[in-house]
Amino acid sequence: MLSRRKLIKRLSSVPLLGGLVGGLPLSSEAAAMSAPKRDLFKELGVRTFINAAGTLTYMTGSLMHDEVLEAINYASKEFCLLDELEDKVGEKIAKLVHSEAAVVTSGAFSGMTLGLAGILTGMDQKKIEALPHLEGTGMKSEVICQKGHEIVYNHALINTGCKMVYIETVEELEKAINEKTALLHFLHIQSDKGKIMHEEWVALGKKHNIPTSIDIAADVPPVENLYKFNDMGFSFVVVSGGKAMRGPQSAGLLMGKKDIIAAARQHMPPRGYNIGRGMKVNKEEILGMYVAVEKFLAQDFAKTWKGWEEGVAHVESTVKTVNGVKTEVRVNPLGNHTPSLRISWDPAVLKVTGKQVQEALRAGDPSIEVGGGGPSSIGVTVWMLKPGQEKIVAKRIKEELSKAV
Ligand SMILES: *Cc1c(COP(=O)(O)O)cnc(C)c1O
């Protein structure tokens with residue numbers, strides 16, 4: 001017996017008769033499209049799930065917008081010059097985000113490495129090839145950052161060969177500045193953990209004639225954050241493309257001063273013999289990112305927000321009916337800016353831990369991922385849900401908690 005897919009394939013490969021299905025001529029492409037799609041996750045035995053946790057890299061970030069996928073598919077049908085595409089898309093994005101220049105990178109992390117690499121080397125080919133070995137090259141080698149802004153992702157900066165110098169006060173910063181200082185780096189999502197705020201950071205850079213950078217990887221929305229820090233005067237700004245912007249998960253933006261972006265590009269493919277050759281972005285991701293930025297800026301954010309609030313309200317009102325359950329909605333103003341629902345319960349009433357609820361939801365059908373997993377609490381966000389999934393999430397959480405009496 002021929003499978004339907006094989007049958008269609010055979011039919012469409014017969015000349016003249018080719019692709020006559022139901023009396024209508026069918027192109028081989030249309031025939032392929034009507035063939036049953038492979039369920040690759042199922043074939044591989046990879047669990048898929050409803051994501052009520054958030055934009056987490058280990059959960060593959062976000063789902064790309066349909067328009068982004070259309071751009072990716074469109075791009076995949078033609079060749080073009082990589083540099084020409086980065087030039088043209090960079091110009092458009094720079095206008096949209098109020099920066100002198102911009103480039104699509106393979107994420108915020110690589111944006112940090114490339115931006116700093118550009119600062120260190122400028123357009124000097126010998127210096128470009130020397131990185132990450134700075135000794136004896138005359139290049140600067142230190143990045144100053146506030147202690148409260150120390151996170152794992154700062155590794156992107158030391159990948160250039162630089163070392164981090166952590167300070168707390170303006171006095172310490174001014175004492176730390178020396179002829180080796182290449183950059184003053186700032187982390188927006190932890191700006192409340194530092195003593196020096198954004199404007200002052202930029203002013204200190206200007207005062208000492210040292211470039212300033214800011215990591216806003218997970219910090220859009222608010223929508224205006226995409227251009228606010230360029231307006232403020234940071235020398236370069238990096239953001240993730242595959243978090244709330246729902247562009248490709250392996251893309252991001254490096255935005256900033258013309259000379260820095262131009263030098264950063266020297267560290268990127270198609271050029272090799274540099275530290276950025278492995279940070280390749282393909283034409284599909286470049287166009288996908290472009291469309292994602294356009295879409296992100298053009299959205300009616302009040303409407304997006306209202307949708308999130310309604311989703312959270314639905315989960316909240318459903319789970320609250322369980323005896324012993326308390327809920328609280330929080331919004332982090334600095335990053336992952338979306339209503340987040342904390343569901344907690346009285347352990348004397350409901351004899352289950354947050355981790356156990358998390359695992360039960362994971363093991364259920366459909367599988368659901370939630371955040372938190374505290375001693376007697378879990379966390380839920382709705383911004384990565386597909387329309388209607390909030391109903392499933394609410395129902396399943398209620399079921400699991402109701403069982404625990
Ligand atoms: C996610 C994240 C990064 C890494 O971003 P990618 O786009 O995945 O490279 C860097 N910094 C912070 C603060 C982040 O949250």
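Remember, it's 1-based here, ligands and their atoms both numbered in the order they're listed.
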- Message: So, applying side chain to side chain contact (heavy atoms under 4.5 Å, CB included) with Leu253, which one of Val238, Ile216, Val104 is it?
- Response: Val104
- Please walk me through it: do Tyr290 and Glu294 pass side chain to side chain donor-acceptor pair (under 3.5 Å)? CA-CA 6 Å; Tyr290 173 40; Glu294 275 187 338; 3.3 Å; yes
- Sub-4.0 Å heavy-atom environment of ligand 1, residues by chain: Gly107, Ala108, Phe109, Ile151, Tyr153, Leu187, Asp215, Ala217, Ala218, Ser240, Lys243
- Can we say Lys88 and Glu91 salt-bridge, meaning some charged N sits less than 4.0 Å from an Asp/Glu carboxylate O? no
- Query: For residues 199-225, which residue pairs qualify under salt bridge (charged side-chain N to carboxylate O under 4.0 Å, His left out), counting only residues two or more places apart or in two chains?
  - Reply: Glu174-Lys207
- Message: Tell me which pairs pass salt bridge (charged side-chain N to carboxylate O under 4.0 Å, His left out) where either residue lies in residues 296-309, with sequence neighbours left out.
- Response: Lys306-Glu310
- Query: Can you name the side-chain hydrogen bond (donor to acceptor under 3.5 Å, both in side chains) partners of His337, sequence neighbours left out?
  - Reply: none
